[in-house]
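A quick write-up on the structure given underneath.
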Amino acid sequence: MQAALERIAVPALALLASAVLFGLLLAVYAGVDPFDAFGLMYQGAFGSWFSWQNTLTRAAPLILTALCTALPARLGLVIIGNEGALVLGGLAAAAAGAAVTAAPPLVVQLTMIVAGMLAGGAWIAFAGALRQYRGVNETISSLLLTYIAIALMNHFVEGPLRDPASLNKPSTASIGDANMIGNIPGMDVHWGLVFGIVACVLVWLFQRFTTWGFAMQVIGGNPKTARMMGLNVGRYVLLACGAGGAAAGLAGTVEVAAVLGRANASLAVGYGYSGILVSFLARHNPLAIIPVAVLLGGIGASGGLLQRRLDLPDAAVVVLQGIIFVAILASETLYGRLLPRKQEG
Amino acid sequence: MDHGGIGLWGVPLAMLAGAIRVSTPFLFVSVGECLTERSGRINLGLEGTLVMGAMSAYGMALYTGSPWLGVLLAAGVGVLLGALHAGICQLPRVNDIATGIGLMLFGTGLAFFLGKPFIQPKAPVLGAIDLGWWSDIPQIRQALQVNYLFVLGIVLAFAMAWALKNTRWGLIVRLAGESVDAALAIGTPVGRVRLIATSIGGAFAGVGGAFLSLYYPGSWNEGLSSGQGLMAVALVIFARWDPIRCLWASLLFGAAGAISPALQSVGVTEGYYLFSAAPYVLTLALMIATCSPERSLRGAPGELGVVH
Amino acid sequence: MIDKLTIGRRALLGSAAGAAALGLSGAANAQKPLVIGFIYVGPRDDYGYNQAHAEAAAALKKLPGVKIVEEEKVPETVAVEKTMESMINLDGATLLFPTSFGYFDPYMLKEAGKYPKIQFRHCGGLWQQGKHPINTGSYFGYIDECQYLSGIVAGATTKSGKLGFVAAKPIPQVLRNINAFTLGAQSINPKATTQVIFTGDWSMPVKEAEATNSMIAQGVDVVTCHVDSPKVVVETAERAGIYTCGYHTNQAKLAPKGYLTGAEWNWERVYTGFVDAMKAGKAPANFVRGGLKEGFVRTSAYGPAAAPAGKAKADAVKLEMLNGNYVIFKGPLKDNKGNTVIAAGTSHIQTDPALESMNYLVEGVVGSTS
């Protein structure tokens, strides 16, 4: 009971502390009434149906990219190559889609999804394999792989795969309007949101109810014990990294198939990096990823209103995200100490 | 060769010049992080520290007219951010990699937020030592324009390597990094050692940022750092926690970064994105080549990344 | 800062004083202001592309009955759709200026279909009658005219005959500037060549500095650029003691010794036209293009180092451009691979759409388009 209460109370306390700190910064440095600012943020993020759709649209890619960190984290790996997997996934999806544009839309879309997930999955699985078989630190290698992925994307988009008709915004050939996956009926939010929620639920079910999911928890808890138990650690590392990368690759596919219609530099706008934050804030719990992504999406959605009404720079929102992130991480230390509980055993 | 140019010789020369010009921020951040990691703490937030250092140094130089005061302030800001990181990570159960990412976001956001007034004005910048006086070729003279901070960085790298190996303090830092239990057993205040090591690491990163805004490229704007702070943390692992190897790694990385413009300037113009990725490919390739599952932790402080 | 204020004051004085009085009268409540939304892809004080637009927005702010809402660093993704919608829904904007090329297709076109009563005018896009919604449009300035003039001054001033151009990406707008700059230089100095280095992105300060230094090492003694913020290139060149030509805004202050001249935007002129139309209850023009003659672009005052011969020739050409009868791109013209790109006898006047899809570098440019 106390534990459940704490799981609500601790993050709430951290959010409150962040709000106070951010409010102080606004009041003291920018001369802005913090209550004005928070009122506007609420209005911009959750104040109307339009604001909600704005928030959910921004949350959608973060849910998928967060899984790229969350899945390997179960094994104790820290993967931060989400952006690279997303970018390559998007590129592969666009190339595959453009190659089969004449096929029925469903075939094109499935081809794109498979290509995108394979590319993203292979990219992160490579980082996992390097860790497992060569001992290369996966955090650093996945970061390097991100830089390399972005360079590859730019090279292909502006070189071999460039559509000559894409004038001042170099892009690959269009996948065709008929093949776009479009919005959820009745909403101005694309299908990526549904994909993300379904993926999170599936991952949760997998972790909770399957033997493989349980094995991963054992490995994450103590790799040495796991090895002694005869678990094939390498297989699980490849699986978790590959699945995580595939989720980020799917995020890139959705960007191409629902938003851009082609691959270009707009794939690399930081959804992957934000996904790292979401995963850590959710303590790598797949179900918690959804509300956390909505929260971050809401902050992003409200940033525009802060700029327009209060003349605050874009960076104000980044500062707030940073404060929230640090506060929530620091609040980890409060678990088990916040509420008085009965003496155990 | 035609008048004024030195043709293909320009490529190695530009890479040497690039190594000298571009490596300094990598050098400072990585040597500082070396100390921090040797004490058993990882600080991924140095990217934020670097950007904060760049912003505050530029602002200070602008207001006081003295770039060196700017460098000093950048170091001070770095100490504060480093201490903040160490303070938070010292709490039980707090993950230092994640906290670092949070502080990276916080630092860059804050620097952009506070740095708006400094984008337009022109601040006085740091001078350089002319080591190319012996040559008549302007390109060589230009390449050997060496900034004081670069020299300072080299001296500090050697000093750090020596101090870690040979002083009582160095021993204490390494002990805190190798085994908390052993350190506590002989009464070493592990928390305080890490606090100090992380703060000093932060100061180094701040100075690295000051180099960016006050020397090369020498102005403040929001695109100033394209991940140099983060890459420098990667270089520490690549350099196996040795300050002198950090120096070589930084130089190598700087030179690799100069490949793309240097090749284009002599007419090799295809695939410049791929050449731009050269530093990352090189680092990754060297990491793959030098690691192996058995030796992956050689040189790594035993307590690194362990959450208590 | 001072520049911004003077522009503002001038605009204020220029507008009817009677309209200012309106704001004081009780009618202020009844009169709904015209709300205009500006969207920038980068920071609005970047000493370059975005700042040029933001300065014009600041000037519009001083007009009576106009309210400006601005958002900076909006990426070219679905985020810009949401920003536009938010400006329409929450701020009541009726005229939107998405100022980055990538905002045009699909984002602005999509929003225009959704909000047919709102006017959208886009910077840089190629609006076509019948193909694009009637409530959208595009505007751009023929800044290559200024680049051509910069080229003349650079070609006359260079001692090595080697000019340098730091560019972000090989796209038509950039290639057109590089080519105009080179043709200008060759018109006074036939042996002049232009070295191009692509940095790969719009804001890469360290790479831009490296590119400038690499070119200096190859003997280049005049550089210019097409990146979002020319500050780094201009300052690096000044420190190395070579000459520069500015871009986007006036950078003379950053290089008091080596600044020759520069190509600047004058967006205020364009935006005022749109606002006047809106106030008169008319839809603003859909396809707006203009160069020196229309006052959409301007050149920086010559710096002390500009060679007199170059200044004289540039002034003469500028006069012809102001009269509207100077053609930059005319045949016979070869690209730097030896192919003829404009046949002899063919002239592309500025309004020719062929120029907006330029995909070659002219003879004398060292570099390639991919």
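Just so we're on the same page: letters track the sequence lines, and every chain starts at 1. Keep in mind the model is a prediction, meaning the values are calculated, not measured.
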Expected output: side-chain S266(A) to main-chain E76(C) donor-acceptor under 3.5 Å: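 Looks like yes, one N/O pair under 3.5 Å.
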
Backbone N/O of G200(C) and side chain of N154(A): donor-acceptor pair under 3.5 Å: no

[X] side chain near [Y] side chain, heavy-atom distance below 4.5 Å:
X	Y	answer
L167(A)	I171(C)	no
L305(A)	D91(C)	yes
D314(A)	P43(C)	no
E70(C)	Q307(A)	no
T57(A)	E81(C)	no

Least distance between heavy atoms, [X] atom then [Y] atom:
X	Y	value
E72(C)	P313(A)	OE2-CA, 3.6 Å
F50(A)	K82(C)	CZ-O, 3.8 Å
P106(C)	V259(A)	CG-O, 3.7 Å

Check ion pair [X]-[Y] (N to O, under 4.0 angstrom):
X	Y	answer
K169(A)	D105(C)	no
K169(C)	E158(A)	yes
D311(A)	R44(C)	yes

